[in-house]
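Just below is one structure, and these are the notes that go with it.
Quick note: numbers below take in every heavy atom, side chains included, and nothing from hydrogens, waters or symmetry partners.
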Amino acid sequence: MNSAGYEVFEVLSGQSFRCAEGQSVLRAMEAQGKRCIPVGCRGGGCGLCRVRVLSGAYRSGRMSCGHVPAKAAAEGLALACQVFPQTDLTIEYFRHVGGNKPDNNNYEEVTS
């Protein structure tokens, strides 16, 4: 990492932004006026900011297992509000497509 932080690239929107050490992807995005990921509770509980990390290393904060079950997390799914980059990241936003309680079957990849 250099003093400017890590580069985060969201593939569906084509937007990229810098994320400082210890800053979540969602907070960095908001701070730079980007809108490639929807913002909800900012605390890992609502699931609105669900993304797939396609490349790069990160650590995760606490996330609701109802929104990101362990198997999904192992496949790179995470909540952007709880993703803290350790290298440059490439991410992809997922959107909720129905139902009252999000689970793995109620999400789909957004394609342009």
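Minimum heavy-atom separation, Ala78 to Met63: CA-SD, 3.7 Å. The minimum heavy-atom distance linking Ser60 with Tyr58 is given by the pair OG-CE1, 3.3 Å. The two residues Phe9 and Gly14 make their nearest non-hydrogen contact at CE1-O, 3.5 Å. Nearest heavy atoms, Gly43 versus Cys81: N-SG, 4.0 Å. Contact record, Gly45 with Cys41: N-SG, 3.3 Å, taken as the closest heavy-atom pair.
Between the side chain of His67 and the backbone N or O of Cys46, at least one donor-acceptor pair lies under 3.5 Å. A side-chain donor-acceptor contact under 3.5 Å links Glu10 to the backbone of Tyr93. Panel note: side chain Thr87, backbone Ala57; a donor-acceptor pair is recorded below 3.5 Å. Remark: side-chain polar atoms of Gln82 are paired, donor with acceptor, to backbone N or O of Arg62 under 3.5 angstrom. Using modelled atom types, no side-chain atom of Tyr6 and backbone atom of Glu21 make a donor-acceptor pair closer than 3.5 Å.
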**Message:** As a quick check of understanding, evaluate side chain to side chain contact (heavy atoms under 4.5 Å, CB included) for Leu89 and Val83, giving each step before the final call.
**Reply:** CA-CA 10 Å; Leu89 296 180; Val83 170; 3.8 Å; yes
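Within the model, atoms CG of Leu79 and OG of Ser64 stand 7.5 Å from one another, a figure rounded to the nearest 0.5 Å.
One hydrophobic cluster, built from ILVMFWY side chains closer than 4.5 Å, cannot hold both Phe84 and Val8; they sit in different ones.
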Compile the donor-acceptor pairs under 3.5 Å between side chains in residues 30-38 and protein atoms, sequence neighbours left out, one pair per line.
{"residue": "Glu30", "atom": "OE1", "partner": "Arg42", "partner atom": "NE", "Å": "3.1"}
{"residue": "Glu30", "atom": "OE2", "partner": "Arg42", "partner atom": "NE", "Å": "3.3"}
{"residue": "Glu30", "atom": "OE2", "partner": "Arg42", "partner atom": "NH2", "Å": "2.7"}
{"residue": "Gln32", "atom": "OE1", "partner": "Arg18", "partner atom": "N", "Å": "3.2"}
{"residue": "Gln32", "atom": "NE2", "partner": "Arg18", "partner atom": "O", "Å": "2.4"}
{"residue": "Gln32", "atom": "NE2", "partner": "Ala28", "partner atom": "O", "Å": "3.4"}

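Residues Met29 and Val39 have side chains in contact (heavy-atom distance under 4.5 Å, counting atoms from C-beta outward). Using a 4.5 Å heavy-atom threshold, the side chains of Val51 and Val25 count as separate.
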